[in-house]
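Below, each value reflects all heavy atoms present in this structure, side chains not excepted, and no hydrogens, waters or symmetry copies. Letters go in sequence order (proteins before strands), and every chain restarts at 1.
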2 protein chains.
Amino acid sequence: MSDKKSQPEGRYAYEGLDRVLHEKARLGILTSLAARADGLLFSDLKHLCNLTDGNLSRHLTVLQEAGIVDIQKGFRGRRPQTLCRLTEQGKKRYLDYIAVLESVLADAVEAAKGARKLRRTMPEGFSPA
Amino acid sequence: MSDKKSQPEGRYAYEGLDRVLHEKARLGILTSLAARADGLLFSDLKHLCNLTDGNLSRHLTVLQEAGIVDIQKGFRGRRPQTLCRLTEQGKKRYLDYIAVLESVLADAVEAAKGARKLRRTMPEGFSPA
DNA sequence: GGGCGTGCTTTGCACGAGAAAGCTAAGGGC
DNA sequence: GCCCTTAGCTTTCTCGTGCAAAGCACGCCC
């Protein structure tokens, strides 16, 4: 198609950007969890990610249904506490996602470099309205 | 709060992840555009990002209304063509966003490193249901 | 025992991504 | 001249989902 540009079809499609993970709040949750194999409590997550209870609850449900986190309800003393961890699969998906992010960043850096010298020209044969 | 963890409030909140930019398709569009100061045509973008006409149109409108891209309608020969470029402000916002992404990645890398040795313990005083 | 705090869940809304259909005009056969 | 196709977008619709606010359950304290 646009072979003369030497840019393959879908070069910037980033298909690997998992919808479930590619979300501000969830990204934070997963990054928090990724560092601690022993998990985090609901309230820890809430504070680390600056989320409201409701929000966090909903995101955790989504992540759990996707098999990404493991939710264990238990007690500390006599108070209920929810413990969250990454599942093995979740960790894998997270790392895959991160790898794609890296390639996005690489593209961005290259773009910023290549654009250094601004060419304010029009494309071949293009005439403004 | 959780000072003993030495993790400040909101450590993983990533407030800087601009909602307008933090979206798969738009991220691709902007990265494509960032590299070419002379802009890209609608159909180029469509192919580069593997987007449908409708989708691309909608995203471009959003980006235009946010003042991130500049849309010029013109002609190539007798056929209409739409030329898209990053605005100065758009470029700035893109670079800011990218900077935040970098910090996310840094966190992720650190997390992956720290989690090397899995401690499958329970938190202090936690007992499963 | 009644109010208060903690720890979540549920409900409701509003926005927004993506699919699908539409719309306009230019070629191309006949 | 007339239709059919193709290019090049735009508009509309629907459903998912992020987020806020209200709700619920229980323990604690005076």
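Nearest nucleotide to the side chain of A/R26, out of C/dA17, D/dG18, D/dT10: D/dG18. Ranking C/dT9, C/dG7, C/dG18 by closeness to the A/R19 side chain, first place goes to C/dG18. Closest contact between the side chain of A/R79 and the listed nucleotides D/dG27, D/dT10, D/dC19 involves D/dG27. Ranking C/dT6, D/dC9, D/dT6 by closeness to the B/T82 side chain, first place goes to D/dC9. The B/N55 side chain lies nearest to C/dA19 when the options are D/dT10, C/dT9, C/dA19. The nucleotide whose nearest atom lies closest to any side-chain atom of B/E23 is, among C/dA17, D/dT10, C/dG7, C/dA17.
Side-chain N or O atoms of B/R26 include one that pairs as donor or acceptor with a backbone N or O of B/V20 at under 3.5 Å. Side chain of A/T82 to backbone of A/F42: no donor-acceptor contact under 3.5 angstrom is found.
In terms of phosphate contacts, B/S57 brings a side-chain nitrogen or oxygen within less than 4.0 Å of OP1 or OP2 of D/dT10. Contact between the side-chain N/O atoms of A/H59 and the OP1/OP2 oxygens of D/dT17 is not found at any separation under 4.0 Å.
Residues A/I98 and A/T31 fail the side-chain proximity criterion, which asks for heavy atoms closer than 4.5 Å. Two residues are said to be in side-chain contact when any heavy atoms from C-beta on lie closer than 4.5 Å; B/R93 and B/Q89 meet this criterion.
Considering B/L86, B/L27, B/L48 in turn, B/L48 is the only one that fulfils the side-chain contact (heavy atoms from CB on, under 4.5 Å) rule with B/S32.
Between A/L41 atom CG and C/dT6 atom P the separation is 15 Å, expressed in whole Å. The distance between atom CG of A/L56 and atom P of C/dC8, rounded to the nearest whole Å, is 9 Å. Rounded to an integer number of Å, the gap from A/L83 CG to C/dG7 C1' is 14 Å. Between the CG atom of A/L21 and the P atom of D/dT17 there is a distance of 13 Å, given to the nearest Å. Rounded to whole Å, atom C1' of D/dC19 lies 13 Å from atom CD1 of A/I29. Distance NZ (A/K24) to C1' (D/dT17): 15 Å, rounded to an integer number of Å. Between B/Y14 atom OH and D/dG18 atom P there is a gap of 18 Å when expressed in whole angstrom units. One atom, CD of B/Q81, and another, C1' of C/dT24, lie 15 Å apart when rounded to the nearest Å.
You won't find any donor-acceptor pair under 3.5 Å spanning the side chain of B/R58 and the base of C/dG16, going by distance alone.
Judged by closest nucleotide on DNA chain D, B/G54 is the one of A/T52 and B/G54 placed further toward the 5' end.
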